[in-house]
> 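The structure's right below; bear with me while I get my questions together.
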Number of protein chains: 2
Amino acid sequence: MNGVANLSRKEQVIRSAAELFKEKGYAASSMRDLAQKLGIEAASLYSHIKSKEEILQTLCFDMAAEFRDSLDKVEKQNVSASEKLSMGIIGHVNVMARDLTASAVFMNEHRHLSNPHLRDFLLLRINYINRFKAIIEQGVASGEFKRNIDTKLAVMTLFSSLNWMPMWYSPEGSIEPKELGQQLANMLVNGLKQN
Amino acid sequence: MNGVANLSRKEQVIRSAAELFKEKGYAASSMRDLAQKLGIEAASLYSHIKSKEEILQTLCFDMAAEFRDSLDKVEKQNVSASEKLSMGIIGHVNVMARDLTASAVFMNEHRHLSNPHLRDFLLLRINYINRFKAIIEQGVASGEFKRNIDTKLAVMTLFSSLNWMPMWYSPEGSIEPKELGQQLANMLVNGLKQN
DNA sequence: CCTACCGATCGGTAGG
DNA sequence: CCTACCGATCGGTAGG
């Protein structure tokens, strides 16, 4: 009945679930594992959430919305394609760094969504990828990027490296999200080779 | 008792399992699912394999060995770092393209290995990554690559995009493995920017 | 948030 | 490769 307390406890459940799902995978995580993390009985979880999958839905769609919002802001900027690409990458890394655990779940566990949620999720994702692809194509059209690059390969390489960051990136390390995003953008745009 | 027939049937089991694990994930795949794919009863699987995890071990370690062998050959070549990097990438893509299903399992499902197998697998993987990193560092040392690149970021970006290929690459498409490997290498070395 | 419990399904074995 | 079966565990509900 207490909305605030319920919400707060629900958030604790979701956060703990994210850690569990990241560590063991969604399918291998049991509600009893989750309850134990929180020091309660499994049955008690259901006063905060409707089902195991509802937790996954919350995690996946909340992250998707944050990524989309980040790219919305970038697209409004009136800058060159390489700058836009940089800003998009930095934005993505920033969103990820804010919650690396949820990001890892977003990337690795979304396939356990049932339909129609899975279908909706995949539509959001392909849309997000296509917006990055459009930025690269703008760069090709304007002559900023090479004419002969494979834009699909380019965008999948970008998206892959963004998706894998939660696996190895630690914000406690020396490099900050903005710096990491800038370096990745720089590497993709300018390459490794000495010029 | 018939070694050849047994081996062949075992291989069918492992191949079907790879498809199932790729599609649903290891934990969400049941031995009854697998048996159904093969048109037999679940209990009958155990005349060909010892356990569910044994299948995963076979898939993961066989792929790991193929990737390692491919890189072995590249390291023996007496060529520049960027050529070595190219050849390493092409080799990796070739191994992957030979069995995209097993590659996807290798990438996504290895974490369900139990110890000591998981530990062994992760050691093989970090070793493989470090050998690519060494190639990049050679390029930096020789002046072929920029002095100020973040080699960890570079190698993780490379490894990420290699790992994600099974998710989107189809060899039935227009681009062949060798061509794909060359384009990826070219993109990482030379970047997207028009020079 | 708990106790008590449900039907379904899991990986795997015995014995043929 | 099958029938018959095991103990364990699963997500979730009833009722308080």
Side-chain angles (χ1 to χ4, degrees), chain A residues 1-60 105 109-115 117-118, chain B residues 1-60 105 109-115 117-118:
Chain A
M1 297 303 150
N2 183 327
V4 175
N6 269 338
L7 205 69
S8 170
R9 193 60 172 144
K10 183 171 182 174
E11 280 169 354
Q12 283 175 47
V13 170
I14 291 171
R15 180 170 293 271
S16 288
E19 288 166 12
L20 194 63
F21 294 169
K22 178 182 181 178
E23 193 187 315
K24 306 183 64 171
Y26 176 78
S29 299
S30 76
M31 296 305 271
R32 283 157 179 86
D33 290 336
L34 177 55
Q36 198 177 28
K37 263 180 93 89
L38 291 156
I40 60 176
E41 293 300 316
S44 306
L45 290 167
Y46 292 88
S47 38
H48 302 106
I49 48 110
K50 282 184 217 138
S51 67
K52 185 185 179 188
E53 199 191 309
E54 189 203 47
I55 302 174
L56 184 62
Q57 287 164 19
T58 302
L59 288 166
C60 289
V105 173
E109 309 302 331
H110 67 262
R111 64 164 153 178
H112 293 107
L113 291 168
S114 62
N115 274 321
H117 309 99
L118 177 59
Chain B
M1 294 307 148
N2 183 326
V4 176
N6 269 337
L7 205 67
S8 170
R9 193 61 172 143
K10 182 171 182 174
E11 279 169 353
Q12 285 175 46
V13 170
I14 291 171
R15 180 172 293 272
S16 289
E19 288 166 12
L20 194 63
F21 294 169
K22 178 183 181 178
E23 194 187 314
K24 306 183 62 170
Y26 177 78
S29 300
S30 77
M31 296 306 272
R32 283 158 179 86
D33 290 337
L34 177 55
Q36 198 177 27
K37 262 179 94 90
L38 292 156
I40 60 176
E41 293 299 316
S44 306
L45 291 167
Y46 292 88
S47 37
H48 303 106
I49 48 106
K50 282 184 216 137
S51 66
K52 185 184 179 187
E53 199 190 311
E54 189 205 44
I55 301 174
L56 184 62
Q57 287 164 20
T58 302
L59 288 167
C60 288
V105 173
E109 309 301 331
H110 67 261
R111 64 163 151 178
H112 293 108
L113 292 167
S114 62
N115 274 321
H117 308 100
L118 177 58

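Naming convention: chains lettered A, B, ... in sequence-line order (proteins, then strands); numbering from 1 in each chain.
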> Take N1-N3 plus N6-O4 or O6-N4 for Watson-Crick, N1-O2 plus O6-N3 for G-U, both under 3.5 Å. Which runs of 3 or more such pairs involve DNA chain D?
C:1-16 with D:1-16
> Where do V13(A) and I49(A) come nearest, in terms of heavy atoms and distance?
CG1-CG2, 4.4 Å
> Hey, is the side chain of S44(A) poking within less than 4.0 Å of OP1 or OP2 on dC2(C), counting only N and O atoms?
yes
> Check the pair R9(B) / L38(B) against side chain to side chain contact (heavy atoms under 4.5 Å, CB included), numbers first and verdict last.
CA-CA 10 Å; R9(B) 193 61 172 143; L38(B) 292 156; 4.0 Å; yes
> Let me check something: any side-chain donor-acceptor pairs from residues 15-22 of chain A under 3.5 Å, sequence neighbours excluded? List them with distances.
unit_1	atom_1	unit_2	atom_2	d
S16(A)	OG	Q12(A)	O	3.2
E19(A)	OE1	K37(A)	NZ	3.2

> Applying salt bridge (Lys or Arg N to Asp or Glu O under 4.0 Å), name anything that partners R32(B), two or more places apart in sequence or on another chain.
none
> Residues two or more places apart in sequence or in another chain: which of them pass side-chain contact (heavy atoms from CB on, under 4.5 Å) with A43(B)?
none
> In chain order, what residues pass the side chain to side chain donor-acceptor pair (under 3.5 Å) check against S30(B), with sequence neighbours excluded?
D33(B)
> What protein N or O atoms touch nucleotides 8-11 of chain C N or O atoms at under 3.5 angstrom, if any, and at what distances?
unit_1	atom_1	unit_2	atom_2	d
dC10(C)	OP1	S30(B)	OG	3.3
dG11(C)	OP1	S29(B)	O	3.2
dG11(C)	OP1	K52(B)	NZ	3.0
dG11(C)	OP2	M31(B)	N	2.8
dG11(C)	N7	R32(B)	NH1	2.7
dG11(C)	O6	R32(B)	NH2	2.9

> Would you name the heavy atoms of G25(A) and R111(B) that are closest together and state the gap between them?
N-NH1, 3.4 Å
> Quick check: does any side chain N or O of S44(B) sit under 3.5 Å from a backbone N or O of I40(B), one acting as donor and the other as acceptor?
no
> Taking C-beta and beyond as the side chain, do S29(B) and L34(B) meet within less than 4.5 Å on heavy atoms?
no
> Any residue in residues 34-42 of chain B with a heavy atom nearer than 4.0 angstrom to DNA chain D? Just list them by number, or reply none.
I40(B), E41(B)
> Please state how far atom CD1 in I49(A) lies from atom P in dG12(D), giving the value in whole angstrom units.
7 Å
> Between CG of L59(A) and CD of E54(A), what distance do you get to the nearest 0.5 Å?
10.5 Å
> Should E11(B) and T58(B) be marked as a side chain to side chain contact (heavy atoms under 4.5 Å, CB included) after you check the CA-CA gap, both sets of side-chain angles, and the distance that decides it?
CA-CA 10 Å; E11(B) 279 169 353; T58(B) 302; over 6 Å; no
> Between K52(A) and E109(A), is there a side-chain N and carboxylate O pair less than 4.0 Å apart?
no
> Residues two or more places apart in sequence or in another chain: which of them pass side chain to side chain donor-acceptor pair (under 3.5 Å) with E53(B)?
Q57(B), S114(B)
> Using a 4.0 Å cut-off on heavy atoms, which residues in residues 14-24 of chain B reach DNA chain C? List them by number, or say none.
none
> What pairs with E41(B) under salt bridge (Lys or Arg N to Asp or Glu O under 4.0 Å), at least two apart in sequence or on another chain?
none
> Using ring-ring contact (aromatic ring centres under 6.0 Å, His included) as the criterion, list what pairs up with H117(A), not counting sequence neighbours.
none
> Any N/O pairs under 3.5 Å between the protein and nucleotides 14-16 of chain C? List them or say none.
none

